[in-house]
Amino acid sequence: MELLGNWQRSCYCGDPRPAQVGQELIVMGWVHARRDHGGVTFIDLRDRTGIVQIVFNPQINEPAHTAAKDIRMEYVLAVRGTLMNRSAETINPNFPTGAVELQVSELRILNPSRTVPFPIDTETTPTENARLRYRYLDLRRPQMYANLLLRHRLAKNVRDYLDGEGFLEVETPFLTRSTPEGARDYLVPSRVNPGSFYALPQSPQLFKQLLMVGGFDKYFQIVRCFRDEDLRADRQPEFTQIDIEMSFIQPEHIFRLSEGMMTNVCRELKGMDIPVPFPRMSYTEAMLRYGNDKPDIRFGLELRELTMLFRETQIKVFTDVVAKGGIIRGLIVSNCTFSRKEIDDLNPLAQGFGAKGLAWIRITNEGWQSPLAKFVSEEKKAEIAAALGLKEGDLLLMVADQEKVVCDVLSRLRLYLGDKLGIIPKDEFRFLWVTDFPLVEYDDEAKRYVAMHHPFTSPTEEDIALLDTAPGKVHARAYDLVLNGLELGGGSIRNHRLDVQQKVFACLGIGEAEAQEKFGFLMEALSFGAPPHGGIAFGVDRLAMLLAGAESLREVIAFPKTAKAVCLMTQAPSPVDPKQLRELSVKVDL
RNA sequence: GGGGUCGUAGUUCAGUUGGUUAGAACGCCGGCCUGUCACGCCGGAGGUCGCGAGUUCGAGUCUCGUCGGCCCCGCCA
């Protein structure tokens, strides 16, 4: 092992080109591969920019050639040498540096490496377990570097864009207070105030509103948020948002700004030109056509309303459901080539999605093929076929149940079928605004209305009166941005008037005393001339994931957590020293 | 909290109906090799089959439990 001494790197491994031939260079990096021919030894030296071949030739430098015998995979080297052209037949077209090589005159082995637990290449993908345990090695893989580079450029692009639009990035506290509603909070005990706890923010929601009251007019922040809920491929306990808030605006301003930001990102990072404005769809329409408030509009296969058509048949499972206030909806798969088994297999799938069963009708050249065919008159069949435009080869899949169940099952079945049929164009980016959400929805478990977005969302001006009489019918000035079936972000116009905010609290069953205790600071602020304001927040991790074409957030997060919210590298979370607990006046009760 | 799936050499994986000494590739160690770039050739080491019970004459293989990774449901204003 040698010291670095006063050596200074003259270029990255990916840099050398024929133009620099003849120059003396110092390059540093990791041993990616080693080819020892006894006489001459080749080493591929790698850094984040690429790979350069360095050559140890005993005729050029005997000591360096001898020393190179000890070099192993992932050793860290510094080499000084002369850049040479390769002879025509030894040029490697697979690397940008493949026309040249560095003839080593001096080698310094800066650090050895134990045998690595998995190879640093693109061919083999190690198990997730190994990757997360040795994340620093996983990060050496070019794909991980590419993903995090993309993420960096995303953040930089967004910052530059918002700066250009007159936004200020302002930091807000991580140690804040726990609020009711929403996700479970991560709590931090206060040593100085025994028995009291901070909460890590689920989002900087209230702070950004208070910045508007503070007159900042246009705020943004690329900020970490924390939610103590179970994980998914697209959900980590800590995640990053592009958080935005503006004063004296309409939803249109948010749409225009967001569209500018997203198209900018897509153009700069992916070379894609996304047309603006993005299409918009009301929540009601989205539920009707897709059964879902975040529809993937890259493909059709929309839901069909069937209640009226089938209510007068002799199909008992249908008529019973309709009698109980349920509905019937379905999907039509055109030119369906499913085997009988494939169709039968959809039934347990639909049941897994929450359906009691899945009815089906296949249109063949001999008429209806279906377990239900005998319950429908020929006349009715013709009426149904005409109404739905059914033709030979079509498969009609139907679910009858309460509306919520029908929507849920069919929306998931739609995604399953879209994937199975291969009709989802993978390389398309289809943005969609979903608007006109209900302000609240009834929670059967809690037996009260809960905020659909959050408790600070403004009702539409014409619906304010309904807050007292029919809360379920009140529309919110809220909007979500959906990309390829993934909720990328959401926002709303907020309540800037104290009386409206108090009405909303009351509607949510938050009493005056509780509102005062939990949100007193907000209500106080609203009483001091709060401007009309609103904003939006986008998931950076999800956006980066889609831009990177990755299947999991972990691919675009340097140090992510497992499905059990554990960091396999640091072994966090961990028990702590009893002394620490005593200082915090915290007792663990398992 | 629930369901599914995976766990075999350092790594990626194979392992038949439960049957002799658990294999391959890459990596690792030793040797040879002056134009390779997935270098090649010769030789070698390396296994608590995640862990614990059970069934069996016999378990990597079957059963139960448990731990861990992944996916999903619930949950995620």
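Below, chains carry the letters A, B, ... as their sequence lines are ordered, and counting in each starts from 1.
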Peer 1: What residues, two or more places apart in sequence or in another chain, satisfy side chain to side chain donor-acceptor pair (under 3.5 Å) together with A/Asp121?
Peer 2: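 If we apply the side chain to side chain donor-acceptor pair (under 3.5 Å) test to A/Asp121, skipping adjacent residues, the hits are A/Thr124.
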Peer 1: Could you list the residues that satisfy side chain to side chain donor-acceptor pair (under 3.5 Å) with A/Asn347, not counting sequence neighbours?
Peer 2: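 Side chain to side chain donor-acceptor pair (under 3.5 Å) check on A/Asn347 returns nothing, list empty.
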Peer 1: Only one of A/Lys518, A/Glu512, A/Gln516 forms a side-chain contact (heavy atoms from CB on, under 4.5 Å) with A/Met523, so which one is it?
Peer 2: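 So the option named by the test is A/Gln516.
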Peer 1: Could you give the CD1-to-C1' distance, from A/Ile71 to B/C28, as a whole number of Å?
Peer 2: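 So the two atoms are 17 Å apart, to the nearest Å.
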Peer 1: Which is more 5' along RNA chain B, the nucleotide nearest A/Asp408 or the one nearest A/Arg554? Just name the residue.
Peer 2: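 The residue closer to the strand's 5' end, by nearest nucleotide, is A/Arg554.
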Peer 1: What interatomic distance, in whole Å, is found between C1' of B/G47 and the corresponding atom of B/A14?
Peer 2: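 So the two C1' atoms sit 15 Å from each other.
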Peer 1: For A/Asp463, enumerate each residue passing the salt bridge (charged side-chain N to carboxylate O under 4.0 Å, His left out) test, keeping only those at least two apart in sequence or located in another chain.
Peer 2: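 Result, salt bridge (charged side-chain N to carboxylate O under 4.0 Å, His left out) vs A/Asp463: none returned.
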Peer 1: State whether A/Thr562 places a side-chain N or O below 4.0 Å from either non-bridging phosphate oxygen (OP1 or OP2) of B/G69.
Peer 2: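 Yes, within the criterion.
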Peer 1: Determine: side-chain N/O of A/Arg72 to OP1/OP2 of B/C29, distance under 4.0 Å, yes or no.
Peer 2: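 A/Arg72 to B/C29 OP1/OP2: side-chain N or O found under 4.0 Å.
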Peer 1: Taking OP1 and OP2 of B/C76, is either one under 4.0 Å from a side-chain nitrogen or oxygen of A/Arg542?
Peer 2: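 For B/C76, OP1/OP2 do not have a side-chain N/O of A/Arg542 under 4.0 Å.
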Peer 1: If the sugar-phosphate is the primed atoms plus P, OP1 and OP2 and the base is the rest, what is the B/S/- string for nucleotides 32-37 of chain B, using protein heavy atoms under 4.0 Å?
Peer 2: -BBBBB
Peer 1: At under 4.0 Å, does any side-chain N or O of A/Arg232 touch on OP1 or OP2 of B/C73?
Peer 2: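 Indeed, a polar side-chain atom of A/Arg232 lies that close.
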Peer 1: Could you check which nucleotide pairs with B/G68 in any of the strands shown, counting Watson-Crick or G-U wobble with both distances under 3.5 Å?
Peer 2: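 Across all strands, the one nucleotide that pairs with B/G68 is B/C6.
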Peer 1: Among B/A38, B/C75, B/G69, which nucleotide sits nearest the side chain of A/Asn129?
Peer 2: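 Of the candidates, B/G69 comes closest.
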Peer 1: Applying side chain to side chain donor-acceptor pair (under 3.5 Å), can you list everything that pairs with A/Arg80, at least two apart in sequence or on another chain?
Peer 2: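 For A/Arg80 the side chain to side chain donor-acceptor pair (under 3.5 Å) partners, ignoring immediate neighbours, are A/Glu24, A/Glu106.
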Peer 1: Closest-nucleotide mapping onto RNA chain B: is A/Ala563 or A/Phe118 further toward the 5' terminus? I mean the 5' end.
Peer 2: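 Per heavy-atom nearest nucleotide, the more 5' residue is A/Phe118.
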Peer 1: Which residues satisfy the side chain to side chain donor-acceptor pair (under 3.5 Å) test with A/Lys341, sequence neighbours excluded?
Peer 2: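 A/Asp345.
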